[in-house]
Structures are given as C-alpha cells and as structure tokens.
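Single-structure report; data block below.
Values below: all heavy atoms of this structure, side chains included; hydrogens, waters and symmetry mates excluded.
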Amino acid sequence: MQSSISLSLSSPSITRSDRTVVDAFAANNSLTPRSLRFCGLRREVLGFKSVSSTQLVASSKRRQLNKVLASLSGNGTPTKGFDYDLVIIGAGVGGHGAALHAVEKGLKTAIIEGDVVGGTCVNRGCVPSKALLAASGRMRELQNEHHMKAFGLQVAAAAYDRQGVADHANNLASKIRSNLTNSLKALGVDILTGVGTILGPQKVKYGKVGFDESVITTKDVIIATGSVPSVPKGIEVDGKTVITSDHALKLEFVPDWIAIVGSGYIGLEFSDVYTALGSEVTFVEALDQLMPGFDPEIGKLAQRVLINPRKIDYHTSVFASKITPAKDGKPVLIELIDAKTKEPKGTLEVDAALIATGRAPFTKGLGLENINVETQRGFVPVDERMHVIDANGKLVPHLYCIGDANGKMMLAHAASAQGISVVEQVCGKDHVLNHLSIPAACFTHPEISMVGLTEPQAREKAEKEGFDVSVAKTSFKANTKALAENEGEGIAKLIYRPDNGEILGVHIFGLHAADLIHEASNAIAMGTSIQDIKFAVHAHPTLSEVLDELFKAAKFKVNNSSPVAEPVAV
C-alpha cells in the first residue's frame, strides 16, 4: 500500500535549481512503508508509542528532507529582533555537532572560532593520537616475532620513518579539519573568526581583541571552548624535552627514555606509542596505583598486559614537584616527593618528560563577569540541562555551556551529545542527557572501554539505595574471532542489578574493546534490561559474541518485579 505525504515548500523559498535537488531527493527516497521490528527490545521499555511502520518511515524521510531544505535555505531566518537564533563560541567537536543539529532544526546559526575548526579533538587530541597509535600498533605487531610465527608468517626486521609517522598524524588532522569546515559551510553556518566574548544577555562580540571587533545579537548562546593541557606548578615546559600532549602529537623526536607524569588515558596511550617505537618509559603517578580511573579489576589485568611485559617501570604515590628541561648537555631532571608526607623521594634523569596530568578548561576571556558567572576551578557551572548557573545560583537565561568547559565529562563525543541536547531544548523539547550511558575508551593495544559505573561505585550506590549488585564476566579466550586473530587476552565485565536486570556498568579490555562497548551504552541509554538484550542475535564468528555471552551469563532473582529505570533523555 502506497503512502503519501504532503510537504509544504512555501517557506523557505526554493529556486528552480533547488527544486531539482528536492525532486531528486524525493525520487530516490520514496516514502513507502516497510516492516519495522524491534528485535529483542520491548516497545514499552524503549518508550515508543503505537505508530504504524508507514508513519515511522515517513517521519524519517521528512527529517532527511528537512536537512536538504535547511542547506538550501541558507541557514534559516533568525528570530525577529536578533542577528541569529544561536551563536556557538568554539568550533570543536561539541560546537560542530550543535551547529549541524541547529541548522537541521531550522535555526539561523553562527559559530565563533579563535583558532582552527575542530578544536582539541581534531587538531591536538583524539584524531592525531589515534593516527600515531595506528602506526605504532602495526609496528608493535611486526616486531612481535612470536605473534607473527603463530600465523606462520616471517617478517624481516621492521623499521619506521619517524617523519612519515608524524606526517600521517598531521595529514589526518588536516583532512578531518577540512571535512568539518566544509560540512559547516555546506549547511550555510556562518563561521566567524576571532575571540568570542559575552557582553551581556543575548549579546556577543567577536574578532581580534582590540581590533575590528563586531557585536552580534542572538536568541541563545552555547559556550563550547574546550580545554588545554593542565601543567602542575613547578614544571617548566619547553616544548622540546619537557612536553605536553600537544607537543607529543607532533612526534618531533623519539627519546630513548621518557618519563610520563600521569597514568590515565593520555599517559597510557602515549606509553603505547613510545614503547612500540623503541623508547623506555617511566610512569610517575601521584595516586597509590596505576590507572586510577579504571575499574580496579580491569586496571590490574591491563597492567599485566600493557605495563609489565614492556619496557616500562613506574613510581606510585609520588609527585613530580619540579621538572627542569634538558640543556647544556644535561638531561631532564625530575624531583620526586612523597604524595602524602611531601618528603623527598629522589630524582630521575631522563631524556624527555611528558606531562599527562589531565586537561584544564579554557574559559578565560569569555566575559563571564558581564553576566555574574563565576567559574569553579575554571569550569563553567551548569545544571543537568547545561544551563549556565550564575554566582547567585540562578540560571542565566538563554546561555548554555557544553563539553570540557563545564567539566561534566571531558570527552569529545560527550560534548557533541550535550550540544545536541541543548539544541533540542532551545527548540522547545525538554531533553536531559544520561551521562552514565556515555562510553569512554583508551586506545592502547589491546583497548580498554567502559560505560556506567565501576564495581566500587556500583556497590556504594547499592548500599545507599538498598539493592543488590551482581557481576558477570566473559573472556576473549573463549571467542573464536579473537583466537583467530591470536588476540585472546582480555575480559568483559558486566555490573548489574539481579532484581530487575538493570545494567549499571560494562568494562571491556581486549581486541577492539572501543567498538564493542556501544551495545552496552545504547542499552543503558534506552533503559533496556539484560533479560531483553540477551535475546539479541550476534553474527558468528565475531567479537560481538563476547558481549552476547556476557549478557547471557547474568543471573537473576526468581521474583523479578522491580522495573528498569526509564531512559533519562526525554
């Protein structure tokens, strides 16, 4: 049965050439009904209303056509009395995601960028670091004679070109940056160059500070200025022998011995790169264990695989109180003190030091004082809907902050999700992002990924709220695809409620863990119980069967009456 949809094309106006594009879109995307099923997922859990498959397909096609119309309309028409409907300060991944969604919603949108499009992630973070990890990972594999022999392969002495590896990272960043810029331009988003400063409610200026600054008005503002490397006091960064991740990504040299201060995501990933390229690494960690942010059980296994067999040693419970760059033929000098007593713990002399102690919000110069907003340790205070909160605890009308600048979850994809959530709100739909459903990953070899709570966090929550916690585990050693790849080292861990099957957390250490985590994160986001997802079908032989077995391993109480929490996002 053929369905038809009436589309009003009177606003915005469309030229004859534009009409051709729309007609071509309609011809190639006929709005015909299809059989839609939700395999293994309860309709009531997902929150779907009873609608026909024709309506669902039609709605999807209408949204796609809206994207085309938004592009053709030149980025919408602003609300009367304003230059723009939405101005975003910062063109990183978060700002970019918000801008694209805003245009899709028909908002007249501008994005202000004082540096380059793509922000930290594209230019100094996620993108170039993954390029380095991809190259160094292949180098590590080729150097592993035992691993290659297991496949019946013989490889001559492996070598690498340092500049070639560095160029790979730089070229990838340039390509992604260009793609992001082009996508904004294609939708007509106005890219305004310069520093963005909030002058007052719904008023922003941009440009080179003190020169040719322009003032614009906007119905809503999103702050998306990101972060910069955090450097503790007493550490002198020269950009050559004492470096941050910004410098390390350029790979200007590979030191024989490098100290990495901090063993979190950044430190772990760079230890993977440097050891694969021939460096010896020493970790300096202020807490009493390596990888303090990970689930303890996963951290212990990761240490056994990623640290102990490699040319890595470490000092825990110590601070690097002072670091002096190499000069006049002398090495980098690192003075250590006890993290608790502050007593001297000796010195290290190394070829280079990488400061991987996290990142700090980049929120200076935003003009927050003009709207009575005070940062907290540099972060812009926000509520669960990313509304900015002023010094009196009141919401600042029409002002939001997303991403690293608000400190809720310093991940690029979290910033993008927050931005999309904000756009939904300014368009009149209440939307709260469930941060416990946002996954994270560390791209070592093998990878580490996680979503939700760690086991200690889950047990603490359970004690406060009065429910039980259970844990299930599966091993990569029982997975056919992992064994075929000769990569059986790894586990998946499920933390859940046995009374109602709610997923509290999932942690994976193993081959392609960063790709596998999303089945669990989506289940948490949609409020799907383990009882439902355990009936989902996974292709064989694939790594996804690690999670299939994990969900099937969960055990439940007989009286399973407590409902799973409803999805947070509405």
Side-chain angles (χ1 to χ4, degrees), residues 92-94 115-116 118-137 162 165-170 172-174 176-177 225-233 235-255 257-277 279 281-286 290-293 306 312 320 323 325 332 334 350-362 378 403-405 407 409-415 440-445 447-448 514:
V93 171
D115 187 13
V116 288
T120 294
C121 173
V122 173
N123 301 289
R124 300 174 298 278
C126 318
V127 171
S129 67
K130 300 313 162 284
L132 292 183
L133 284 159
S136 61
R162 181 201 57 78
V165 175
D167 288 345
H168 171 56
N170 183 61
L172 179 63
S174 297
I176 301 300
R177 180 169 61 248
T225 46
S227 62
V228 294
S230 175
V231 180
K233 294 180 180 179
I235 296 177
E236 181 185 346
V237 174
D238 67 349
K240 297 178 180 179
T241 59
V242 180
I243 58 177
T244 67
S245 57
D246 286 1
H247 307 108
L249 289 167
K250 298 176 182 178
L251 201 68
E252 293 183 344
F253 80 113
V254 178
W257 185 10
I258 184 169
I260 299 179
V261 182
S263 63
Y265 293 79
I266 298 173
L268 273 179
E269 290 185 352
F270 275 107
S271 76
D272 202 283
V273 170
Y274 281 121
T275 54
L277 299 182
S279 300
V281 170
T282 296
F283 274 117
V284 177
E285 173 58 57
L290 294 177
M291 296 172 273
L306 300 176
I312 299 176
I323 299 182
V332 174
I334 304 176
V350 295
D351 299 309
L354 168 63
I355 313 306
T357 48
R359 299 187 65 84
F362 182 63
D404 289 5
M409 203 170 195
M410 299 178 80
L411 298 168
H413 50 280
C442 185
F443 294 86
T444 47
H445 295 88
E447 296 171 344
I448 309 171

Between Ala412 and Val93, the two heavy atoms sitting closest are O-CG1, 3.7 Å

Quick one: closest heavy-atom pair of Ala441 and Glu269, and the distance? O-OE2, 4.4 Å

From Asp272 atom CG to Leu277 atom CG, the distance as rounded to the nearest 0.5 Å: 9.5 Å

Nearest 0.5 Å, what's the SG-CG distance between Cys442 and Leu306? 7.5 Å

Atom CD1 of Ile176 and atom NZ of Lys130: how far apart are they, to the nearest 0.5 Å? 12.5 Å

Exercise: identify the closest heavy-atom pair between Val237 and His247: CG1-CE1, 3.8 Å

With a cut-off of 6.0 Å (strictly less than), are more than 12 heavy atoms of other residues, nucleotides or ligands near CZ of Phe362? no

Which atom names give the shortest non-hydrogen contact between Ser263 and Met291, and what distance separates them? OG-N, 3.1 Å

Should the pair Glu252-Lys240 be classified as a salt bridge under the 4.0 Å nitrogen-to-oxygen rule? no

Heavy-atom check, side chain of Pro229 versus side chain of Arg124, under 4.5 Å: no

Please give me the minimum heavy-atom distance between Leu251 and Arg162, naming the atom from each residue. O-NH1, 2.6 Å

Applying the side-chain contact (heavy atoms from CB on, under 4.5 Å) criterion to Val242, which one of Ile334, Val350, Val261, Val332 satisfies it? Val332

Roughly how far apart are Glu285 CD and Ile260 CD1, rounded to 0.5 Å? 12.0 Å

State, with a plain yes or no, whether a side-chain heavy atom of Phe270 is found less than 4.5 Å away from one of Leu249. yes

Report yes or no: does Thr244 contribute a side-chain atom to a donor-acceptor pair with the main-chain N or O of Ile355 at less than 3.5 Å? no

Examine distances only and state if a side-chain atom of Asp351 and a backbone atom of Trp257 form a donor-acceptor pair shorter than 3.5 Å. yes

Run the side chain to side chain donor-acceptor pair (under 3.5 Å) test against Asp167 and tell me which residues pass, sequence neighbours left out. Gln163

Is there side-chain contact between Thr357 and Val231, with heavy atoms separated by less than 4.5 Å? no

Leu411 and Ala440 have their tightest heavy-atom pair at CD1-CB, 3.8 Å

Ser279 side chain to Pro255 main-chain N or O, any donor-acceptor pair under 3.5 Å? yes

Would you give the length of the straight line joining atom SG of Cys126 to atom CG of Leu133, rounded to the nearest 0.5 angstrom? 11.5 Å

Distance check, rounded to the nearest 0.5 Å: Leu132 atom CG versus Asn170 atom CG? 10.5 Å

